[in-house]
Amino acid sequence: MKILIDGQTLLTPDINRGIGTYFKNTVEHLLENDFTNDFYINTPHGAHLKSLSPWAREKLCVVDNWAYDIRASHERPLQSVAKAYSDALNNDIEKRGINLYWSPNALMDNVFLASRQQSACCFAVTIYDLIISVMEKTYAKHLPPAAMSRYKDKLRRLERDYDLFLHISRHTQSDFTDALSVKDKKHVVTPLAAGSAFRPYPFPSVTHNASDYVLYPGGFDPRKNMNRAVEAFARLQARYGVDERISATQLWIVCSSDNAAASGMLNYAEGLGLSGKLKFTGFVDDAALVALYQKARCLFFPSLYEGFGLPLLEGLACGLPVASSNTSSLPEVGGDVATYFDPYNLDEMAERLYQTLQAPMDYQSRLERYEYSKKFSWQKTALLTLEAFADFAKGN
């Protein structure tokens, strides 16, 4: 079987986010575990390919075309660029006899979703979430009307042109099949995983003492629930601040932010009585992120909606107790190991966070959380993906 991987993600900032983590790990493990299929990737030659390992680049056949360089898309009308991309892709599928085309990142506004022009090739796609559909009223206030229109157009195209849907959680699959007329098509759940670097520190030493901060992988995206996270932390301090350990605890927010946004949130926190208790780390690379997880008291994850919730799993892999929202896919990922709360209920958030701060941090407890996280692995994700590709090929 000839498999063509859409390479647009390599050219976007998403290569350094959760989508990029999925893309790189899944592609690497696909290539590592399969020696019978031929793998292609449509992307220009260039330094962006170095996001993949040398041996992966060696195994992939690069399909280059000027239309695949989406970095220059702003220089021409968007509709014209999208058509050129689709035309080039379909031509290469036909010319090279591609059996399966896989789009690993379809719904982001910074990539194009190809239209299908012939039926001999299976069109597969990975679906991360239906956030914009599920929270449409909220996102309509933050996204330009043109971006909302493009998103809805992509959903219609997925419904019409695509055959195989890979979902990163059962909850995402449920949202997707409820929203679109695709129940009669093929759906497979291929969960995410924490990387091998995410583990308790030092491992397996028992001498590590957690630092006095709660880690919150947040963001200014509405679904990340930042205002309520800060308000719940303020209630924790007001209610339990007589405990010296709680009083000394800070809230560290891991996210990219400009100075104005961070300053505004710091001023808001100060008004809640949290002067000196809130810290923005800014963007951190994987090595720094692992260290932040390893040294924290606990993970606080009050997101309103997640397609999977990789930070929750990364925190558990580092041995952290986790206080998480009870929404969307999060209970599916955290299972019985995490503590859950209603992310709209500030009192409940504060109480569950307090309980999580009392959770044991001895070696055995950290090891149990780590072992739970190993139920998920990129190896399993790749094997499930390969199995889905093979099963679809057999059925057609």
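Since the structure is predicted, the reported quantities are computational estimates derived from the model, not experimental observations. What you see below is based on every heavy atom in this structure, not just the backbone, and it leaves out hydrogens, waters and symmetry mates.
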Q | Parallel, tilted or perpendicular: ring planes of His171 versus Tyr305, cut at 30 and 60 degrees | A | perpendicular
Q.
Looking at Arg369 and Gly319, would you say the former's side chain and the latter's main chain have a donor-acceptor pair under 3.5 Å?
A. yes
Q | cation_pi(Arg116, Phe123) dist<6.0 Å, angle<=45 | A | yes
Q) Any side-chain donor paired with an acceptor under 3.5 Å for Gln8 and Asn110? A) no
(Q) Contact between Cys298 and Val214 at the side-chain level, heavy atoms closer than 4.5 Å - yes or no? (A) yes
Q. Could you give all pairs that pass the salt bridge (Lys or Arg N to Asp or Glu O under 4.0 Å) test and reach residues 213-232, with sequence neighbours left out?
A. Asp221-Arg223, Arg223-Glu306, Lys224-Glu306
Q.
Main chain of Asp6, side chain of Ser103: is a donor-acceptor contact present, judged purely on distance under 3.5 Å?
A. no
Q.
Donor-acceptor check, side chain of Arg199 to backbone of Tyr370, threshold 3.5 angstrom: yes or no?
A. no
Q | Closest heavy-atom pair and its distance - Glu314, Tyr293 | A | OE1-OH, 3.0 Å
Q | Heavy-atom side-chain contact between Glu94 and Gln117 under 4.5 Å | A | no
Q. Are the side chain of Tyr213 and the backbone N or O of Leu292 linked by a donor-acceptor pair below 3.5 Å?
A. yes
Q: Show your working on side-chain contact (heavy atoms from CB on, under 4.5 Å) between Leu192 and Trp378 and close with a plain yes or no.
A: CA-CA 7 Å; Leu192 309 188; Trp378 291 115; 3.9 Å; yes
Q.
Under 4.0 Å between a side-chain nitrogen and a carboxylate oxygen: does that hold for Arg297 and Asp212?
A. yes
Which atom pairs, one a donor and one an acceptor, fall under 3.5 Å between side chains of residues 17-24 and the rest of the protein, sequence neighbours left out?
{"from": "Arg17", "atom 1": "NH1", "to": "Asp14", "atom 2": "OD1", "distance (Å)": "2.6"}
{"from": "Thr21", "atom 1": "OG1", "to": "Arg17", "atom 2": "O", "distance (Å)": "3.2"}
{"from": "Tyr22", "atom 1": "OH", "to": "Thr126", "atom 2": "OG1", "distance (Å)": "2.8"}
{"from": "Lys24", "atom 1": "NZ", "to": "Ile15", "atom 2": "O", "distance (Å)": "3.4"}

Q: Spell out, as yes or no, whether a donor-acceptor pair under 3.5 Å connects the side chain of Arg170 to the backbone of Glu332.
A: no
**Q.** Side-chain donor-acceptor contact under 3.5 Å, Thr43 with His48
**A.** yes
Q. Could Lys95 and Asp92 be called an ion pair, given the rule that one side-chain N must be under 4.0 Å from one carboxylate O?
A. yes
Q. Do Glu28 side-chain atoms and Ser53 backbone N/O form a donor-acceptor pair below 3.5 Å?
A. yes
Q. If you look at every heavy atom in Val189 and Leu384, which pair is closest and at what distance?
A. O-CD1, 3.7 Å
Q: Find out whether Trp102 and Phe39 are in side-chain contact, i.e. whether some heavy atom of one side chain is under 4.5 Å from a heavy atom of the other.
A: no
Q: Could you tell me whether a side-chain N or O of Thr172 sits under 3.5 Å from a main-chain N or O of Phe308, the two making a donor and an acceptor?
A: no
Under 3.5 Å donor-acceptor pairs involving side-chain atoms of residues 252-261, not counting sequence neighbours:
{"from": "Trp252", "atom 1": "NE1", "to": "Gln250", "atom 2": "OE1", "distance (Å)": "2.8"}
{"from": "Asp258", "atom 1": "OD1", "to": "Ala260", "atom 2": "N", "distance (Å)": "3.2"}
{"from": "Asp258", "atom 1": "OD1", "to": "Ala261", "atom 2": "N", "distance (Å)": "2.6"}

Q. Does the ring centre of Tyr85 sit less than 6.0 Å away from the ring centre of Tyr68?
A. yes
Q: May I ask you to establish whether Lys185 and Phe392 are in a cation-pi arrangement, using a distance under 6.0 Å from NZ or CZ to the six-membered ring centre and at most 45° from the ring axis?
A: no
Q: Can you see which heavy atom on Pro222 is nearest to which on Thr138, and at what distance?
A: CB-CG2, 3.6 Å
Q) Heavy-atom distance under 4.5 Å between the side chains of Leu155 and Leu107, does that happen here? A) yes
(Q) Surrounding NZ of Lys141 (heavy atoms of other residues, nucleotides or ligands, distance under 6.0 Å), is the total greater than 12? (A) no
(Q) List the residues meeting side-chain contact (heavy atoms from CB on, under 4.5 Å) with Ala114, not counting sequence neighbours, and say none if there are none. (A) Ser86, Leu89, Tyr101, Tyr162
**Q.** Full working for side-chain contact (heavy atoms from CB on, under 4.5 Å) between Phe376 and Thr381
**A.** CA-CA 8 Å; Phe376 303 82; Thr381 301; over 6 Å; no
Q. Between the side chain of Lys2 and the main-chain N/O of Asp38, is any donor-acceptor distance below 3.5 Å?
A. no
Q: For Glu348 and Pro343, indicate whether the former's side chain and the latter's backbone hold a donor-acceptor pair under 3.5 Å.
A: no
**Q.** ring pair (Phe, Tyr, Trp, His ring centres under 6.0 Å) against Phe283, all qualifying residues, sequence neighbours excluded
**A.** none
Q.
Going by side-chain contact (heavy atoms from CB on, under 4.5 Å), name the residues that satisfy it together with Asp362, two or more places apart in sequence or in a different chain.
A. Pro360, Gln364, Ser365
